[in-house]
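Working notes, beginning with the structure itself.
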Number of protein chains: 2
Amino acid sequence: MNSDTYQLDETDRRILLALDADPRVPIMMLAQQLGLARGTVQTRLERLAHSGALRPNTSRILPAAMGRGVSAFVSAELNQASLNEAIAALRQIPEVLECVAPAGDTDLLIRVAATDPDDLYRVSEEIRLCPGITRTSTSMILRDVIPFRTTELLKKLSKD
Amino acid sequence: MNSDTYQLDETDRRILLALDADPRVPIMMLAQQLGLARGTVQTRLERLAHSGALRPNTSRILPAAMGRGVSAFVSAELNQASLNEAIAALRQIPEVLECVAPAGDTDLLIRVAATDPDDLYRVSEEIRLCPGITRTSTSMILRDVIPFRTTELLKKLSKD
DNA sequence: GATCCACTGGTCATTTTGACTAAAATCTAG
DNA sequence: CTAGATTTTAGTCAAAATGACCAGTGGATC
């Protein structure tokens with residue numbers, strides 16, 4: 001099963017929404033809250049976990065609590081022949097929180113966290129030195145306006 | 001207590017790292033794995049939860065499992081006088097997964113999820129019509145190269 | 001030397017878990 | 001419409017985990 005094929009139904013969505021409020025809530029409470037049998041919730045949760053419909057888990061720690069209060073996006077252009085090496089190298093850099101490949105001039109958009117502007121400079125240098133990367137451009141994140149969420153989308157699905 | 005002041009110690013990091021593997025693991029198992037008394041882990045977990053060091057929880061569901069297989073970044077320029085209205089309007093759009101304010105020409109960088117390119121167009125239109133937003137530019141995400149993670153950073157802290 | 005603090009290792013009653021049932025309800029296809 | 005498949009329910013069980021306690025220990029700080 002993979003995320004491309006598995007589609008959530010209303011029950012899945014309700015479970016996930018409830019889990020949104022507290023990810024460690026006991027299954028029994030969930031079942032009560034949702035008016036489902038415990039076994040149902042238990043089965044659904046197992047199915048979800050194995051379905052590939054969930055993002056890989058990451059501790060919910062804020063970079064700021066690790067002294068990494070300075071975040072930025074680094075856009076990188078690269079020699080596309082060495083894409084895979086570049087990615088492998090980026091994966092080794094702990095300050096790289098995330099990386100996506102967008103369409104357009106920017107080949108890779110990399111999210112990083114640093115302790116201060118100086119450290120940010122160091123990290124972006126480290127990225128620029130990754131094999132295949134030809135150019136980078138760094139843009140500090142001034143404010144986290146809407147933190148990542150899927151809740152609203154889940155709610156929307158439930159409505160229609 | 002807030003995320004700016006609270007700093008993790010080695011024990012916190014070990015707990016978070018263990019929680020990384022399985023966010024719903026029982027406290028008792030955690031304590032065993034880490035060689036700590038149960039009470040200690042219990043206290044730490046409570047403290048973490050109230051410290052503001054954790055990101056707001058979001059269900060780990062992948063947009064793709066909600067039929068939102070098409071992701072994109074929408075960069076928006078705006079009349080900065082109406083920043084707050086713009087943000088409030090964006091928050092209402094379920095397809096908006098995240099939004100940050102970077103330094104530079106782009107005032108807001110908005111991450112969206114859509115069902116297909118057509119839907120993506122609709123969403124970016126919706127964003128363009130938000131109060132104060134003067135210009136948008138949409139760039140599809142071709143590949144999620146490194147999914148969001150803080151694990152490596154946590155590990156790095158533990159090393160030095 | 002006294003005080004504070006976090007951690008330990010222990011208790012307790014209560015709740016939750018995982019792994020099972022069998023029966024009812026719901027879906028699906030011929 | 002009906003037979004078969006699948007899900008959900010509601011129930012069981014022993015084992016484990018929970019939250020809320022406790023007194024005792026060891027390290028810092030004053």
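To find a chain, count down the sequence lines: A is the first, B the second, and so on, and within it residues start at 1.
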[X] [atom1] to [N] [atom2], straight-line distance once rounded to whole Å:
| X | N | atom1 | atom2 | value |
| --- | --- | --- | --- | --- |
| D22(A) | dT18(D) | CG | C1' | 14 Å |
| E10(A) | dT26(C) | CD | P | 16 Å |
| D12(A) | dT8(D) | CG | C1' | 14 Å |
| M28(A) | dT16(C) | CE | C1' | 7 Å |
| R24(B) | dT18(D) | CZ | C1' | 14 Å |
| Q42(B) | dC7(C) | CD | C1' | 13 Å |
| D9(A) | dC27(C) | CG | C1' | 13 Å |
| I27(B) | dG9(C) | CD1 | P | 17 Å |

Can you give me the closest heavy-atom contact between L34(A) and R14(A), atom names plus distance?
O-NH2, 2.9 Å
Quick check for you: to the nearest 0.5 Å, what is the distance between M28(B) atom CE and Q42(B) atom CD?
9.5 Å
When rounded to the nearest 0.5 angstrom, what is the spacing between CZ in R13(A) and CD1 in I61(B)?
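Answer for the CZ-CD1 pair, R13(A) versus I61(B), is 10.0 Å.
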Could you check which of dT9(D), dT17(C), dC7(C) has an atom nearest any side-chain atom of T40(A)?
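Shortest atom-to-atom distance from the side chain points to dT9(D).
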Ignoring hydrogens and angles, does a donor from either the side chain of R38(B) or the base of dG19(D) sit under 3.5 Å from an acceptor on the other?
yes
Distance-only donor-acceptor check, side chains N79(A) and T134(A), under 3.5 Å:
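No, no side-chain donor-acceptor contact under 3.5 Å.
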Any side-chain N or O of R44(A) less than 4.0 Å from the OP1 or OP2 oxygen of dT8(D)?
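Yes, R44(A) has a side-chain N/O under 4.0 Å of OP1/OP2 on dT8(D).
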